[in-house]
Number of protein chains: 2
Amino acid sequence: MVIVKVGGGRTIHVDGVAEDLAELGEQALVVHGANAWRDELAHRLGSVRQVLTSASGYESVLSDEATIDLQLMAYAGLRNKRIVEAFSRRGVRAVGLTGLDGGVVRGRRNPGIRSREGSKILLRRDLSGKPTEVNEPLLRMLLQAGYTPVLTVPIADENGCAINSENDDVVALLQGVFRAETVIQLIEAPGLLADAADPDSVVPRLTPAEVAHWEESADGRFKRKLHGISKLLRSAPVRLVIADGRREHPLRSALEGKGTVIQ
Amino acid sequence: MVIVKVGGGRTIHVDGVAEDLAELGEQALVVHGANAWRDELAHRLGSVRQVLTSASGYESVLSDEATIDLQLMAYAGLRNKRIVEAFSRRGVRAVGLTGLDGGVVRGRRNPGIRSREGSKILLRRDLSGKPTEVNEPLLRMLLQAGYTPVLTVPIADENGCAINSENDDVVALLQGVFRAETVIQLIEAPGLLADAADPDSVVPRLTPAEVAHWEESADGRFKRKLHGISKLLRSAPVRLVIADGRREHPLRSALEGKGTVIQ
């Protein structure tokens, strides 16, 4: 089995992913983002995204009801179904699900974000949380019947309400349950870059210890990204490939080890 | 089994539907609209809906890529997942699907709309079509595992592309396959009204022949509605209840025969 995380950028070559999946002959779980679609829709609707810096130094997006609605439109609606459409057209029998559907990804709502605002630390109510449980029987049933689940946010909190969650955490949780041989993250870059400004600075191989080391010195979104990778590597032994989603055959290339292989 | 069509208006009491489904102890297929959400979103996005009057006198909404995107946001995203959320919170294990997911509802794209524009009849390209096939094994698998499929548009055309379709046609197709004892249509009125302006004019019982008679004299949206009902009644023998979705217990009341019972 392979778990594929498809990044939320516009230039990810979803048709190529579809072709590769159709040829793969393995079960696959797909988790996708949609931040480009979310941002564009937020812009068109005049909706303002609130980014907080938590007391521990990570950036977090505050999620309220409007955020969840936006997520439902962009992730669960626009992007999820267009991916399902692209997959289906190439013979991959895709079923798109949010965490709400059949409670396929459930979690615990955050008590709130401890946010650094000026010199103060404030607790802000937040409709987001950590995924803690997957509905493994439902996913296995779909996989065994030949379907490819295509998962996205929101997930369900302990009361069944829609909450935002990090896709990286969902992938880590899935990997803890399904123990795929390979997890692939398709992004809009050739891999992890030693120098963010230089696309030729791809780090071809990394050990989990090296990821942890980088995490300490990084900040902002990249720190969060590395944090997600660390969590994934702790969830179960895995070969993680961070690869270019813009290639003609993003998945095939990733499986051949093009990009950053972390093991 | 019961098939429930939940209308796309804001005042349909979805929490009540959820409670009734939880108590029902029968398999259920749910099909829903979302026109209130679609219209509001279209308004916010400044998107203009093109309504054509076909050569045969029915009103049709012309569907282009923007229409499908709007449908993905409003039907597949916002409304589908909020219904799934409401159902799940009351113990109904709902799985929300568009026709694209697992090819659960597939159809044939229209060649175009023969539209009466002034004194001319023009053929307009249209991303919509008639549903012709359901993925019965997928729906049966979900039902047998205790899930309630919650279906909405778009559906997949013969090439797997997203197209718009009438929910009434989807319900008729499902009924042809699943042969539910009762089909319930929950609307924002107490039932079919003899006089649209008078909510006390509910027609308590109708025969299929009477529906056909009404259809001839009606026009616009109502003509289309009656046309859908006729089609449903032809698809398989059924008790059809058109009932008030705004009640505290919309489904229970409908099953008790409150509204318009057509048989």
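No hydrogens, no waters, no symmetry mates; every other heavy atom, side chains included, goes into these values. Each chain gets a letter, A, B and so on, in the order the sequences are listed, and its residues count up from 1.
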Trainee: Quick check against the 3.5 Å criterion: does A/N167 have a side-chain atom that pairs as donor or acceptor with the backbone of A/T152?
Mentor: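 No, A/N167 side chain to A/T152 backbone: no donor-acceptor pair under 3.5 Å.
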Trainee: Between B/R109 and B/D126, is there a salt bridge with N-O shorter than 4.0 Å?
Mentor: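 Between B/R109 and B/D126 there is no salt bridge, as every charged N stays at least 4.0 Å from the carboxylate O atoms.
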Trainee: Pull out the residues in residues 9-39 of chain B that come under 4.5 Å of chain A, heavy atom to heavy atom, sorted by number.
Mentor: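 Expected list: none.
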Trainee: Quickly, which of A/V241, A/V4, A/L251, A/I3 forms a side-chain contact (heavy atoms from CB on, under 4.5 Å) with A/T182? Name it, please.
Mentor: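 Result: among A/V241, A/V4, A/L251, A/I3, A/V241 is the only option passing the side-chain contact (heavy atoms from CB on, under 4.5 Å) with A/T182.
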Trainee: Contact part of A/A162 toward chain B, heavy-atom cut-off under 4.5 Å: side chain, backbone, both or neither?
Mentor: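 Contact with chain B is through both the backbone and side chain of A/A162.
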Trainee: Select one option (side chain, backbone, both, neither) describing which atoms of A/L41 are under 4.5 Å from chain B's heavy atoms.
Mentor: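 When you check distances to chain B, only side chain atoms of A/L41 fall under 4.5 Å.
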Trainee: With chain B, which of A/A156, A/G160, A/A86 has the greatest number of heavy-atom pairs at distances under 4.5 Å?
Mentor: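 Option with the greatest count: A/G160.
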Trainee: Kindly give the heavy-atom pair with the smallest separation between A/G245 and A/P250, and that separation in Å.
Mentor: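 Reported closest heavy-atom pair: O-CG, 3.6 Å.
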Trainee: Looking only at heavy atoms and a cut-off of under 4.5 Å, which of A/K81, A/R90, A/Q71, A/R93 has the most pairs with chain B?
Mentor: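 Maximum pair count with chain B is reached by A/K81.
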Trainee: Do A/E65 and B/R82 meet the salt-bridge criterion of a basic N to acidic O distance under 4.0 Å?
Mentor: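 Salt bridge present between B/R82 and A/E65.
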Trainee: Indicate the atoms forming the closest heavy-atom contact of A/T98 with A/A76, along with that distance.
Mentor: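 Reported closest heavy-atom pair: CG2-CB, 3.4 Å.
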Trainee: Any Lys/Arg nitrogen of A/K231 or A/D169 sitting under 4.0 Å from an Asp/Glu carboxylate oxygen of the other?
Mentor: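 Answer for the salt bridge query: yes.
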Trainee: Where on A/L78 is there a heavy atom nearer than 4.5 Å to chain B: the side chain, the backbone, both, or neither?
Mentor: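 Both backbone and side chain.
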Trainee: Say whether, by atom type as modelled, one donor and one acceptor occur between the side chain of A/R89 and the main chain of B/C161 under 3.5 angstrom.
Mentor: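 Not at all, since once roles are kept as given, no pair shorter than 3.5 Å links the two residues.
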Trainee: Is B/L97 in contact with chain A via its backbone, its side chain, both, or neither, using a 4.5 Å heavy-atom distance?
Mentor: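 Looking at B/L97, just its side chain touches chain A.
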Trainee: Heavy atoms under 4.5 Å from chain B: which residues of residues 141-149 of chain A carry them?
Mentor: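 So far as heavy atoms go, A/M141, A/L142, A/A145, A/Y147 are the residues that approach chain B to under 4.5 Å.
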Trainee: Would the number of heavy atoms belonging to other residues, nucleotides or ligands and lying under 6.0 Å from CD of A/E248 be above 12?
Mentor: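 12 or below, so no.
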Trainee: Given 3.5 Å as the limit, does a donor-acceptor pair link the side chain of B/Q175 with the main chain of B/A180, or not?
Mentor: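 Indeed, once roles are kept as given, a pair shorter than 3.5 Å links the two residues.
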Trainee: Could you go through the side-chain contact (heavy atoms from CB on, under 4.5 Å) check for A/L127 and A/N164 one step at a time?
Mentor: CA-CA 6 Å; A/L127 293 181; A/N164 188 7; over 6 Å; no
Trainee: Please report the interatomic distance CG(A/N80) to CG(B/D101), rounded to the nearest 0.5 Å.
Mentor: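 Here the rounded value is 6.5 Å.
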Trainee: Of the backbone (N, CA, C, O) and the side chain (C-beta and beyond), which part of B/V95 lies under 4.5 Å from a heavy atom of chain A, both, or neither?
Mentor: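 When you check distances to chain A, atoms from both the backbone and side chain of B/V95 fall under 4.5 Å.
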Trainee: Once rounded to the nearest 0.5 Å, what's the spacing between atom OG of A/S253 and atom CZ of A/R247?
Mentor: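 CZ of A/R247 is found 4.5 Å from OG of A/S253.
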